[in-house]
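Numbers here simply count residues along the sequence, with the first being 1.
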Amino acid sequence: MEKIDAVAALAALAQDNRLDVFRLLVQAGPEGMPAGAIASALDLPPNTLTFHFDRLRMAGLVTVRREGRSMIYAAQYDRMNALLAFLTENCCGGAPCTPAAECKPARKRAKVSA
């Protein structure tokens with residue numbers, strides 16, 4: 001990752017709502033989440049959320065796809081890992097840092113009925 005790309009990604013994440021959105025999408029896994037579910041989970045108005053999605057997309061941190069009438073947003077794990085690798089490339093005396101390389105996306109847990 002180039003420095004300019006890292007700065008763009010960090011700038012996109014340097015806002016509390018966008019950081020919340022990105023962390024929620026990371027937790028959702030590669031299948032992503034519909035915009036409406038994200039708005040509900042984070043209690044954000046749809047028009048505000050659209051602005052935040054655009055900033056995250058421009059930084060390459062999320063993708064969007066249409067499924068019927070829903071817009072499904074998903075975290076870009078490769079880009080996230082590239083950012084982590086960029087940030088940690090000189091840690092540990094220059095040895096590669098394994099936590100970023102071993103990062104696996106969280107999977108949604110099936111809801112258990114009581």
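Remark: R66 pairs with no residue by the side chain to side chain donor-acceptor pair (under 3.5 Å) rule, at least two apart or across chains. For F86, the ring-ring contact (aromatic ring centres under 6.0 Å, His included) criterion is met by no residue, not counting sequence neighbours. Every residue two or more places apart in sequence or in another chain was checked for a side chain to side chain donor-acceptor pair (under 3.5 Å) with E2, and none qualifies. For A35, the side-chain contact (heavy atoms from CB on, under 4.5 Å) partners are F53, Y73, not counting sequence neighbours. For D54, the side chain to side chain donor-acceptor pair (under 3.5 Å) partners are R57, not counting sequence neighbours.
Side-chain contact between L44 and D20 is absent, with no heavy-atom pair separated by less than 4.5 Å. Between R79 and M1, some side-chain heavy-atom pair lies under the 4.5 Å cut-off.
V7 is not connected to L19 by any chain of hydrophobic side-chain contacts under 4.5 Å among Ile, Leu, Val, Met, Phe, Trp and Tyr, and they are in different clusters.
For the atom pair CE of M71 and OG1 of T50, the computed distance is 9.0 Å after rounding to the nearest 0.5 Å. With rounding to the nearest 0.5 Å, the separation of CG in L83 from CG in L61 is 7.0 Å. To the nearest 0.5 angstrom, I38 atom CD1 is 12.0 Å from F22 atom CZ.
In plain terms, the two heavy atoms of M33 and A28 that are nearest each other are CG-CB, 3.5 Å. Heavy atoms only, all atoms of each residue included: G32 and I72 are closest at C-CG2, 4.0 Å. Nearest heavy atoms, L84 versus T88: O-OG1, 2.8 Å.
Annotation for R69: atom CZ does not count as buried by contact number, only 12 or fewer foreign heavy atoms lying within 6.0 Å.
A side-chain donor-acceptor contact under 3.5 Å links S40 to the backbone of G36.
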Expected list for residues 9-18: side-chain donor-acceptor pairs under 3.5 angstrom, two or more places apart:
from: Q15; atom 1: OE1; to: N17; atom 2: N; distance (Å): 2.8
from: Q15; atom 1: OE1; to: R18; atom 2: N; distance (Å): 2.9
from: R18; atom 1: NE; to: A12; atom 2: O; distance (Å): 2.7
from: R18; atom 1: NH1; to: H52; atom 2: ND1; distance (Å): 3.2

